[in-house]
Amino acid sequence: MTALVAQHLRKTYRRRGRPPVVALDDVSVSVAPGEVVGLLGRNGAGKSTTVQLLAGARAPDSGRVRVLGLDPRADRRRVRGVLGVQLQGATLHGALTVRELVRLYRSFYRRGLDPDRLVERVGLGEARDTRFEQLSGGQQQRVSVALALVGEPRAVVLDELTSGLDPEARRSMWALVEDLRADGVTVLLVSHHMEEVERLCDRVTILDAGRVVATGTVPGLVERAGLRPTVTLRTDDPAAAGVLARLPVVGQVDARGPRLVVTGSAGPAGTGPDELLREVGSALARVGVVATETHLRRPGLDDAFLALTGSSSTLEAP
């Protein structure tokens, strides 16, 4: 059984005196048990609406949603027992302390995690007796994460998990997600941090203008986008470009004065970054060409997003 399923979702928001907005148009997302799937998209792509439909906060105009086989609206009470949801900018009781909030939410479940240990785990041990309204934005974000996990859910939705966190706290949250995966918890991670998604996610679904434009592993998305690695180097030897252009692993050599940009070949599998660098270096060494300032560029998720959506690679938080 697939843990999280959204099939052919459509959602339109009506606005008085203005044209309706189609937030989702035939969107399908699935997450297998114990899998971490990233949901990527620019502001307005439909990420937040997808999360709201999965959590049962809104009903789709058409389509089907299931959480561990349950309908999040018809089986709302049961879904709350198995699904944890952390939303960016959640509104909580400002006068309660961190410890009080986590203990309060723990009381909503028959079983769950130890509140005090969880507070420590999300890095809020020193702030346990601080009121929520007095916390920084990053600390409030970590409280929301703790509240999503305190019921020991079998599936969680994390919306901009590390927004507002410093590098150390961000890596702590990454380790937490890796622990969830190791425990078999299903995770849907909504994020605009490419490094975060590349590190944590088994698969990625990219939304653009309310539609799914691609789903797959990061290497698979890079390949689908037709992206190839490049080696950039400097040499004063005019023979270098011709030597490199004859290599089977090279698809193109762009000479810009003493600077050469060597692109890997395409083909069914293409040329891997390490193979390209190795072959370029070996070929130049064989003919006695000295190259300086050699730089290898591996295409990543940021590049794939740009290529597949035709949008700016600088994503915005929802």
Side-chain angles (χ1 to χ4, degrees), residues 1-16 18-90 148 151 153-161 185-192 197 200-217 220-221 224 304-305 308-311 315-318:
M1 176 180 65
T2 305
L4 298 177
V5 179
Q7 294 178 322
H8 306 296
L9 297 182
R10 183 175 178 85
K11 183 66 179 179
T12 301
Y13 294 113
R14 308 289 177 184
R15 302 180 300 175
R16 180 176 298 178
R18 302 171 65 186
V21 174
V22 179
L24 298 180
D25 184 10
D26 195 28
V27 167
S28 294
V29 179
S30 66
V31 191
E35 187 180 30
V36 180
V37 169
L39 191 62
L40 277 180
R42 293 176 300 145
N43 192 24
K47 303 187 302 297
S48 295
T49 299
T50 301
V51 168
Q52 291 168 354
L53 299 185
L54 279 168
R58 295 181 184 272
D61 298 335
S62 61
R64 176 176 177 269
V65 178
R66 290 294 181 271
V67 176
L68 295 165
L70 302 171
D71 185 321
R73 291 183 68 82
D75 303 306
R76 182 169 300 187
R77 183 182 61 82
R78 295 174 64 190
V79 167
R80 285 177 178 173
V82 297
L83 177 68
V85 180
Q86 170 261 321
L87 298 177
Q88 186 184 25
R154 294 165 55 195
V156 294
V157 176
L158 303 174
D159 187 2
E160 297 300 337
L161 172 69
V185 177
T186 300
V187 180
L188 179 64
L189 179 66
V190 182
S191 178
H192 70 288
V197 173
L200 297 177
C201 296
D202 303 302
R203 291 186 300 116
V204 179
T205 292
I206 297 177
L207 292 181
D208 191 45
R211 298 184 64 88
V212 174
V213 296
T215 296
T217 64
L221 293 176
R224 174 173 173 176
F305 179 90
L308 293 169
T309 65
S311 307
L315 301 187
E316 301 176 8

Query raised in the report: Does V212 reach the side chain of L207, with side-chain heavy atoms less than 4.5 Å apart?
Result: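 Yes, their side chains come closer than 4.5 Å.
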> Given side chains that start at C-beta, do those of P153 and L83 come closer than 4.5 Å, heavy atoms only?
Replying inline: no
Just verifying a value: how many Å separate [X] [atom1] and [Y] [atom2], rounded to the nearest 0.5 Å?
| X | Y | atom1 | atom2 | value |
| --- | --- | --- | --- | --- |
| L40 | T215 | CG | OG1 | 10.5 Å |
| F305 | R42 | CZ | CZ | 6.0 Å |
| L188 | T186 | CG | OG1 | 10.0 Å |
| K11 | T50 | NZ | OG1 | 12.0 Å |
| L158 | L87 | CG | CG | 10.0 Å |
| D61 | L9 | CG | CG | 10.0 Å |

Closest non-hydrogen atom pair between [X] and [Y], with its separation:
| X | Y | value |
| --- | --- | --- |
| A155 | L4 | CB-CD2, 4.2 Å |
| V37 | C201 | C-SG, 3.9 Å |
| T12 | P20 | CG2-CB, 3.6 Å |
| A32 | A3 | C-CB, 4.1 Å |

Output yes when a side-chain donor or acceptor of [X] lies under 3.5 Å from a complementary backbone atom of [Y], and no otherwise.
| X | Y | answer |
| --- | --- | --- |
| R73 | G56 | yes |
| R224 | L308 | no |
| Q7 | S28 | no |
| D202 | E35 | no |
| K47 | G41 | yes |

**OP:** Tell me, yes or no, whether the heavy-atom count around R18 atom CZ, taken from other residues, nucleotides or ligands under 6.0 Å, exceeds 12.
**Re:** no
Steps toward salt bridge (Lys or Arg N to Asp or Glu O under 4.0 Å) verdict (R66, D71): CA-CA 5 Å; R66 290 294 181 271; D71 185 321; 3.6 Å; yes
I'd like to know whether Q86 forms a side-chain contact (heavy atoms from CB on, under 4.5 Å) with V156, so could you lay out the CA-CA distance, the side-chain angles of the two residues, the decisive distance to 0.1 Å, and finally the verdict.
CA-CA 8 Å; Q86 170 261 321; V156 294; over 6 Å; no
Query raised in the report: L24 and L53: side-chain contact (heavy atoms from CB on, under 4.5 Å), yes or no, with the steps?
Result: CA-CA 10 Å; L24 298 180; L53 299 185; 3.6 Å; yes
So D25 and R211, salt bridge (Lys or Arg N to Asp or Glu O under 4.0 Å) or not? Walk me through it.
CA-CA 5 Å; D25 184 10; R211 298 184 64 88; 2.8 Å; yes
Please step through side-chain contact (heavy atoms from CB on, under 4.5 Å) for the pair S30 and R203, ending with a clear verdict. CA-CA 10 Å; S30 66; R203 291 186 300 116; 3.9 Å; yes
> Partners of V213 by side-chain contact (heavy atoms from CB on, under 4.5 Å), sequence neighbours excluded?
Replying inline: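 Scan of V213 (side-chain contact (heavy atoms from CB on, under 4.5 Å), adjacent residues dropped) gives I206, D208, T309.
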